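Bear in mind the structure is a predicted one, so any value in this text is a computation, not a measurement. Heavy atoms only: backbone and side chains are in, while hydrogens, waters and symmetry mates are out.
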Amino acid sequence: MLIYASSGPEYFAEHGGAFIASAQNCGHHVRVDMAADFPEWREKLSFAEDRVFYAVLRYLRLPELLTQDVLMLDIDSII
């Protein structure tokens, strides 16, 4: 199963290592999309806080990932 999240650099630095390790320790594949890799979407959408865009990004990306079993989580989740 693919464990999926999206994040910004600060939040990833704080939580990404534990998120990835916990998913891999349970035998899952992990994918984390970084918000900085999607500047065109950030320009089209207006949010008061960057963290809101980080959370919305995973819903924007989800249709492309649904060719497989996916569990979408917050980056601060532990499995």
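Listed by chain and number, the residues in a side chain to side chain contact (heavy atoms under 4.5 Å, CB included) with Leu71 are Met1, Ile3, Leu73 (sequence neighbours excluded). Scanning for salt bridge (Lys or Arg N to Asp or Glu O under 4.0 Å) contacts around Glu64 gives Arg61, with sequence neighbours left out. Every residue was checked against the salt bridge (Lys or Arg N to Asp or Glu O under 4.0 Å) condition with Asp76, not counting sequence neighbours, and none meets it. Applying the salt bridge (Lys or Arg N to Asp or Glu O under 4.0 Å) rule to Asp50 yields the partners Arg42; only residues at least two apart in sequence or on another chain are considered. Residues forming a side chain to side chain contact (heavy atoms under 4.5 Å, CB included) with Gln24 (at least two apart in sequence, or on another chain): Ile20, Val30. Scanning for ring-ring contact (aromatic ring centres under 6.0 Å, His included) contacts around Phe12 gives an empty result, with sequence neighbours left out.
Taken from CG in Leu65 to CG in Leu2, the straight-line distance is 6.0 Å, to the nearest 0.5 Å. With values rounded to the nearest 0.5 angstrom, Ile79 atom CD1 is found 6.0 Å from Cys26 atom SG.
Among residues at least two apart or in separate chains, ring-ring contact (aromatic ring centres under 6.0 Å, His included) pairs with a member in residues 40-79 are Phe38-Trp41. Pairs engaging residues 7-31 under the salt bridge (Lys or Arg N to Asp or Glu O under 4.0 Å) rule: Arg31-Asp33 [sequence neighbours left out].
Taking the side chain as every heavy atom from C-beta outward, Phe19 and Val32 approach each other to under 4.5 Å.
Residues Leu57 and Met34 are members of separate hydrophobic clusters, defined by side-chain heavy-atom contacts under 4.5 angstrom among Ile, Leu, Val, Met, Phe, Trp and Tyr.
When the shell of 6.0 Å around CD of Gln68 is examined, it contains more than 12 heavy atoms from other residues, nucleotides or ligands.
Minimum heavy-atom separation, Ser77 to Ser22: O-OG, 4.3 Å.
The aromatic ring centres of Tyr11 and His15 sit less than 6.0 Å apart.
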